[in-house]
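Notes to accompany the following structure.
The model shown is predicted, which means the values in this text are computed figures rather than measured ones.
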Amino acid sequence: MPAKTSVNKIVVRGTNWIGDAIMSVPALRELSRLFPDAEIVLHVKPLVEGLFEDSDFIDRVLRVKKMSSRIRRTIDQADQLGEEDFDLAVLFPNSFESAVTTKLAKIPHRIGYNKDLRGLLLTEPIAVPEWKDKRHEVFYYLNLIAEIERRFLGTSTVVQNTPDATLDISDQRREGALTMLRSVGIDTGKKVVAIGAGSTNSRAKRW
């Protein structure tokens, strides 16, 4: 396995939905802690890009381009990632497409869960943990980072830490949100509770 100093540039294929993106924050924080000198690039769709605008645990966001053809999108993303010279790719989604993309991009180390027949495309296929449906979703993503630490660094500190899902938000963005709320008649001097009462992709999430 490569030494810590040999991993200089990491791409993380982020999740596609806002809720899942929040659940991946502790894992991203741990990855940043393990590789403080590496450049960490988050590859995500525009839908979740804004969540990470002020994050201190990634260096920059690389947007997944929207295209009508899945094949064209895969090839385009592979070309985009291939130009970046990444040492390591971390795949949070279980999709076959994300594995194909990093394989075509010739990223030397590719780690993700061994699902959807994509094991041969990954250099480090990880078995889905038996506790997948019994523990909080944050641990599913943290488990990938724990495996990276064990295989690349020979240590096991991730499993000892309390997950940290905090997100940094600049004062400018906070003020912008308050201005938006005031513009629709909300009294921001009082406590405000927001409820996401629906979902576009799962009946289980429709409250």
Side-chain angles (χ1 to χ4, degrees), residues 1-16 20-21 23-45 48-49 52 55-65 67 69-129 132 139-159 161:
M1 291 297 171
K4 182 174 182 179
T5 53
S6 68
V7 179
N8 299 313
K9 196 170 183 181
I10 303 170
V11 61
V12 179
R13 177 57 172 88
T15 60
N16 297 324
D20 294 329
M23 296 302 101
S24 71
V25 168
L28 289 167
R29 284 191 173 280
E30 285 296 295
L31 184 66
S32 176
R33 180 183 66 82
L34 293 174
F35 298 93
D37 298 324
E39 180 184 8
I40 298 178
V41 178
L42 184 61
H43 191 214
V44 290
K45 292 184 176 180
V48 301
E49 181 181 5
F52 302 97
S55 299
D56 60 354
F57 47 82
I58 60 172
D59 294 290
R60 58 188 172 95
V61 170
L62 192 61
R63 180 180 291 187
V64 175
K65 298 178 182 178
M67 294 186 174
S69 168
R70 178 171 293 185
I71 294 177
R72 182 65 256 174
R73 181 177 63 203
T74 300
I75 294 174
D76 184 79
Q77 289 181 48
D79 290 341
Q80 184 183 33
L81 296 182
E83 294 173 355
E84 293 269 358
D85 196 27
F86 290 109
D87 302 305
L88 170 65
V90 184
L91 309 183
F92 284 161
N94 295 320
S95 66
F96 187 81
E97 180 183 339
S98 62
V100 170
T101 299
T102 52
K103 171 70 173 179
L104 292 176
K106 299 180 180 179
I107 299 173
H109 300 285
R110 305 176 300 278
I111 188 167
Y113 283 114
N114 190 6
K115 295 191 65 175
D116 294 337
L117 304 176
R118 64 183 195 163
L120 294 177
L121 300 172
L122 303 173
T123 60
E124 302 290 331
I126 306 301
V128 175
K132 168 67 171 67
F139 294 105
Y140 187 61
Y141 301 118
L142 277 168
N143 186 60
L144 280 181
I145 308 305
E147 283 295 325
I148 290 173
E149 180 187 18
R150 184 177 67 82
R151 298 181 184 211
F152 283 66
L153 307 179
T155 54
S156 299
T157 61
V158 170
V159 295
N161 295 334

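Between V41 and V61, the closest side-chain pair of non-hydrogen atoms is not below 4.5 Å. Side-chain contact between I107 and D87 is absent, with no heavy atoms from C-beta onward closer than 4.5 Å. The closest side-chain heavy-atom distance from L31 to F57 is not below 4.5 Å. You'll find the side chain of V90 stays beyond 4.5 Å of the side chain of V11, heavy atoms only. Contact annotation: the side chain of I10 never approaches that of F86 to less than 4.5 Å [non-hydrogen atoms, C-beta and beyond]. Residues E39 and N8 are not in side-chain contact: their nearest non-hydrogen atoms beyond the backbone lie 4.5 Å or more apart. In this structure the side chain of R13 never reaches within 4.5 angstrom of the side chain of L42, judged on heavy atoms. Residues L34 and I145 form a side-chain contact, since some pair of their non-hydrogen atoms from C-beta on lies under 4.5 Å apart.
Taking both residues in full, the closest heavy atoms of T102 and L91 are given as CG2-CD2, 3.7 Å, listed atom of the first, atom of the second, then distance. Of all non-hydrogen atoms in F96 and L117, the two that sit nearest each other are CE1-O, 3.7 Å. Heavy atoms only, all atoms of each residue included: V44 and T15 are closest at CG1-O, 4.3 Å. Between P108 and T123, the shortest heavy-atom distance links the atoms O-CG2, 3.3 Å. Here the shortest heavy-atom pairing between A38 and D59 reads O-OD2, 3.5 Å. The minimum heavy-atom distance linking G14 with P93 is given by the pair O-CG, 3.3 Å.
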**OP:** Starting from the C-alpha separation in whole Å, work towards a yes-or-no answer on side-chain hydrogen bond (donor to acceptor under 3.5 Å, both in side chains) for S98 and T101.
**Re:** CA-CA 5 Å; S98 62; T101 299; over 6 Å; no
Original post:
side-chain contact (heavy atoms from CB on, under 4.5 Å) between N114 and L122: does it pass, once the steps are laid out?
Top reply: CA-CA 8 Å; N114 190 6; L122 303 173; 5.6 Å; no
Original post:
Which is it for L81 and K106 under the side-chain contact (heavy atoms from CB on, under 4.5 Å) test, yes or no, and what are the steps along the way?
Top reply: CA-CA 9 Å; L81 296 182; K106 299 180 180 179; over 6 Å; no
Original post:
Which is it for H109 and F152 under the ring pair (Phe, Tyr, Trp, His ring centres under 6.0 Å) test, yes or no, and what are the steps along the way?
Top reply: CA-CA 10 Å; H109 300 285; F152 283 66; 5.5 Å; yes
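Between the CG atom in L88 and the CZ atom in F35 there is a gap of 6.5 Å [rounded to 0.5 Å]. One distance of note links OG of S24 with CG of L142; it measures 9.5 Å at 0.5 Å rounding. The distance from the CG atom of L28 to the CE atom of M23 is 12.0 Å, given to the nearest 0.5 Å.
Salt-bridge annotation for E84 and R60: present, with a side-chain N of the basic residue lying under 4.0 Å from a carboxylate O of the acidic one.
For E147, the salt bridge (Lys or Arg N to Asp or Glu O under 4.0 Å) partners at least two apart in sequence or on another chain are R150, R151. Under the rule for a salt bridge (Lys or Arg N to Asp or Glu O under 4.0 Å), D37 has no partner lying at least two apart in sequence or in another chain. Y141 meets the side chain to side chain donor-acceptor pair (under 3.5 Å) test with no other residue; sequence neighbours excluded. Checked against side chain to side chain donor-acceptor pair (under 3.5 Å), T155 has the following partners two or more places apart in sequence or in another chain: E149.
Residues Y140 and N94 have side chains that bring a donor and an acceptor to within less than 3.5 angstrom of each other.
Sorted by first and then second residue, the side-chain hydrogen bond (donor to acceptor under 3.5 Å, both in side chains) pairs involving residues 71-80 (not counting sequence neighbours) are R73-E97. For residues 109-121, no pair satisfies salt bridge (Lys or Arg N to Asp or Glu O under 4.0 Å), with sequence neighbours left out.
The 12-atom threshold is exceeded at NZ of K132, counting heavy atoms of other residues, nucleotides or ligands nearer than 6.0 Å.
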